Amino acid sequence: MTILNLSGRIAISRPFSGDPSRVRAARRFVANRLGDGHPYRDDAVQLISELVAESLRHAASCGRPPGYGVSVLATPAAARVTLSTQGCGCWTSPELTPGRGVHLVDLFTRRWGVSASRTGVCVWFELGHDAAVPPPRGVESESTRTA
């Protein structure tokens, strides 16, 4: 687990194996990081669950390593959750994927995006609005919705 204190914003990340039974642990990680009183806790838990499931299905079909990491950056009024995988990003386009994860993220979040590199892909989403959660760096594509 990695913990960063970014001037009052705490970013916490954790790696997970690609075992499908660990999806529950990823949901619990997000829920615990946001806490019972956070206004976007349940939405973030559902969305990360859908993204992880979609990425694992894709990793199996593409023969890529299924491991992933989840990070949470939260303030009392907002949250950004990021899924980092070792696979390619072809599952991250709402137009190309048969799964529901990216579709739900596109429908229910204020902003989301994808950042790809030689080593994998990151899909992030934001819930709520707080100027203390700065936009992510290195974003190749982004969908923005006004909440």
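This structure is a prediction, so every number in the text was calculated from the model and none was measured. Just so it is clear, the values below take in all heavy atoms, side chains as well, and ignore hydrogens, waters and symmetry mates.
At least one donor-acceptor pair closer than 3.5 Å links the side chain of Glu54 to the backbone N or O of Gly101. No donor-acceptor pair under 3.5 Å is formed between the side chain of Ser49 and the backbone N or O of Val45. The closest donor-acceptor contact from the side chain of Arg22 to the backbone of Phe16 lies at 3.5 Å or more, if one exists at all. One N or O on the side chain of His38 and one on the backbone of Ala78 form a donor-acceptor pair closer than 3.5 Å.
Side-chain contact check for Phe108 versus Leu127: every heavy-atom pair is 4.5 Å or farther apart. A heavy-atom distance below 4.5 Å is not found between the side chains of Arg14 and Val70. Contact of the Trp112 side chain with the Val102 side chain is registered, since non-hydrogen atoms from C-beta on lie closer than 4.5 Å. Arg111 places a side-chain heavy atom less than 4.5 Å from the side chain of Trp124.
Among Val30, Leu83, Leu47, the one residue that satisfies the side chain to side chain contact (heavy atoms under 4.5 Å, CB included) test with Val52 is Leu83.
In this structure, SG in Cys122 is found 14.5 Å from OH in Tyr68, a value given to the nearest 0.5 Å. Between atom OG1 of residue Thr82 and atom CZ of residue Phe125 there is a gap of 8.0 Å, rounded to the nearest 0.5 Å.
In terms of heavy-atom proximity, Leu34 sits nearest to Arg41 at CD1-CA, 3.8 Å. Shortest non-hydrogen contact noted between Tyr40 and Ala77 is CE1-O, 3.5 Å.
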Evaluate the side chain to side chain contact (heavy atoms under 4.5 Å, CB included) criterion for residues Glu50 and Leu104: first the C-alpha distance (whole Å), next the side-chain angles of each, then the deciding distance (0.1 Å), finally the verdict. CA-CA 8 Å; Glu50 295 289 346; Leu104 292 173; 3.7 Å; yes
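Donor-acceptor pairing under 3.5 Å is lacking for the side chains of Ser17 and Asp19.
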